[in-house]
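Note that these values count all heavy atoms, side chains included, but never hydrogens, waters or copies made by symmetry. Below, chain A is the first sequence line, B the second, and so on; all start at residue 1.
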Protein chains: 2
Amino acid sequence: MISLAAADLEADDVVRAAIELLNEEGFDAVSMRRVAARLGVSPVPLYSRVGNKDDLLDAVADRLLADLVPAELGHAHWADCVGQWARALHERLRSVPDSRLVLRTRRWAFVDASRPLIDALRAGGFTEPEAVRACRLVMWSVIGFVTVESASLAERRGGHRSPSVPGGDPAGVDQADADALFEQQLRYLIAGLTADHPTDLSKFGI
Amino acid sequence: MISLAAADLEADDVVRAAIELLNEEGFDAVSMRRVAARLGVSPVPLYSRVGNKDDLLDAVADRLLADLVPAELGHAHWADCVGQWARALHERLRSVPDSRLVLRTRRWAFVDASRPLIDALRAGGFTEPEAVRACRLVMWSVIGFVTVESASLAERRGGHRSPSVPGGDPAGVDQADADALFEQQLRYLIAGLTADHPTDLSKFGI
DNA sequence: ACCTGAACACCGTTCAAGT
DNA sequence: ACCTGAACACCGTTCAAGT
């Protein structure tokens, strides 16, 4: 709070103010004008710091999704690493205050996040392209899951209660349903990868 | 073109005009004012026809995603029905001009779409709750896939070429990669459901 | 009743002074 | 150079006349 001045404004401050606004008042409250006001500055200087609004939102997404997953996955079996990695990514993406930011996340953030899993898969006997494909499959599944999950839970909170379709409503889910669904999907993916992967049979003396 | 008058305006006309605008100029061009202008009307009467902008977008999504899948899936083995249904849904969702509308689709549209698959699963020996869970799993996977796919392909079209990470970029995919990924995911889901489902062994005289 | 024009309270972005 | 106030071209939504 030493500098109430306006001249020494960093791109970092702008992104931070935007994130504060996001957390306090939601995605739609993040506007160039309101971010500027929060910084006690006119909107103009923001444009020289962060580009335009689109760029600012990209920067917010980059910040919120840096260090997506722990850099190390230990030395468990690759299948366990997949599970661990997918759950960590799921947890992390779910913590983002608005799923519209998840879809904005730029490629490189996911490339970074992929590295530990790809290492684990390579250690498990996957070739590089096999590891990349497997990682991509799991990553897309997790990201897709999070977006559907948040849209689904958001609709549930919104008004119109459906009259509880007998037999279960395929889309009306609560948090527990969603968690179970995630685990089931993950189990199937791991089983599929295991079936496709030439298991290291030498361990069993074959 | 008989009635250039403004009084007899139906909700249907508003939704249709919004869809035309969407197709011609994209999601961001759809505004209450521009839809009204296209109808030769002030913005005011729109509010009595379709509610507010949010409601209008919901109505657009409902219209674009009515009849999501063919009502009949034939009498193939349930596993083939899952594949057929998932591919039809994928194709259909991909044809929506903006994936932001896919996430707006209301529950009931998906409930409708679920019916033929649930019937096929029941015919294949699934109990009602099992069928609902299986359908939900596949549906979430497909919807999630489409949203990630469209974000991913959109980013590719946008500016910054990445310097082609050696070993393959886990997120930088083209249409062929995406299609292969979809088929792989679908294959794993079907295999997983098959493994979990108590196969009708009586057919084999067991 | 139901429309229109005008208004209100916002946007993103840029221009023209000001220091 | 780099800020601010004002402006421009839009929004969604509502109000106050008008017919």
Side-chain angles (χ1 to χ4, degrees), chain A residues 1-62 97-98 100-101 104 154 158-159, chain B residues 1-62 97-98 100-101 104 154 158-159:
Chain A
M1 282 298 185
I2 291 175
S3 63
L4 295 170
D8 50 346
L9 179 71
E10 307 272 359
D12 221 62
D13 302 321
V14 180
V15 175
R16 190 162 23 78
I19 290 176
E20 287 168 13
L21 216 37
L22 175 72
N23 286 325
E24 292 168 19
E25 307 197 45
F27 186 83
D28 293 326
V30 180
S31 72
M32 298 299 273
R33 289 174 120 106
R34 294 201 57 183
V35 170
R38 173 176 273 265
L39 292 164
V41 170
S42 98
V44 179
L46 271 59
Y47 288 83
S48 60
R49 303 299 192 284
V50 296
N52 60 18
K53 185 183 181 180
D54 222 58
D55 298 328
L56 172 57
L57 290 178
D58 283 344
V60 167
D62 284 347
D98 192 294
R100 280 169 281 189
L101 287 167
R104 293 194 84 95
Chain B
M1 282 298 186
I2 291 174
S3 65
L4 296 170
D8 50 346
L9 179 70
E10 306 273 359
D12 220 63
D13 302 322
V14 180
V15 176
R16 189 162 25 77
I19 291 177
E20 287 168 12
L21 216 37
L22 175 71
N23 285 323
E24 292 168 19
E25 306 197 44
F27 187 84
D28 293 324
V30 180
S31 73
M32 296 301 272
R33 289 174 121 106
R34 293 201 58 183
V35 170
R38 172 176 276 263
L39 292 164
V41 170
S42 100
V44 180
L46 270 59
Y47 288 84
S48 60
R49 304 299 191 285
V50 295
N52 61 16
K53 184 182 182 180
D54 223 57
D55 299 328
L56 172 56
L57 290 178
D58 283 344
V60 166
D62 284 348
D98 193 293
R100 279 170 282 189
L101 287 167
R104 292 194 86 94

Report the base-pairing partner of [N] (Watson-Crick or G-U wobble, both distances below 3.5 angstrom), or none.
N      : answer
C/dC3  : none
C/dA17 : none
D/dG12 : C/dC8

Can you figure out which of [options] approaches the side chain of [X] most closely?
X     : options              : answer
A/S42 : D/dC3, C/dT4, D/dT4  : D/dT4
B/M32 : C/dC3, D/dC3, D/dG12 : D/dG12
A/Y47 : C/dC3, C/dT14, D/dT4 : C/dT14
A/R33 : D/dA7, D/dC3, D/dC15 : D/dA7

If you pin A/R34 and A/V44 to their nearest nucleotides in DNA chain C, which one's is more 5'? A/R34
By the 4.0 Å heavy-atom rule, please label B/S31 as base, sugar-phosphate, or nothing. sugar-phosphate
At what distance, to the nearest 0.5 angstrom, does CZ of A/R100 lie from CG of A/L22? 9.5 Å
How many angstroms lie between CZ in B/R33 and NZ in B/K53, if you round to the nearest 0.5 Å? 11.5 Å
Atom-pair distance ([atom1] on [X]; [atom2] on [N]), nearest Å:
X     : N      : atom1 : atom2 : answer
B/L39 : C/dT4  : CG    : C1'   : 15 Å
A/D28 : D/dT13 : CG    : C1'   : 16 Å
A/F27 : C/dC11 : CZ    : P     : 14 Å
B/K53 : D/dT13 : NZ    : P     : 8 Å
B/L46 : C/dT4  : CG    : P     : 10 Å
B/D54 : D/dC11 : CG    : P     : 17 Å
B/L56 : D/dG12 : CG    : P     : 10 Å

When you measure from the side chain of B/R49 to the backbone N and O of B/L9, does any donor-acceptor pair fall under 3.5 Å? yes
So that I can tick it off, tell me whether B/R38 and B/E25 are bridged by a salt bridge, with the cut-off set at under 4.0 angstrom between side-chain N and carboxylate O. no
Might you point out which heavy atoms bring B/V30 and B/A18 nearest each other, and give the distance in Å? CG2-O, 3.8 Å
OP1 or OP2 of D/dT13 under 4.0 Å from side-chain N/O of B/N52: yes
Between A/R49 and D/dC3, is there a side-chain N or O to OP1/OP2 distance below 4.0 Å? yes
Provide the distance between the two P atoms, one in D/dA9 and one in C/dA9, to the nearest whole Å. 22 Å
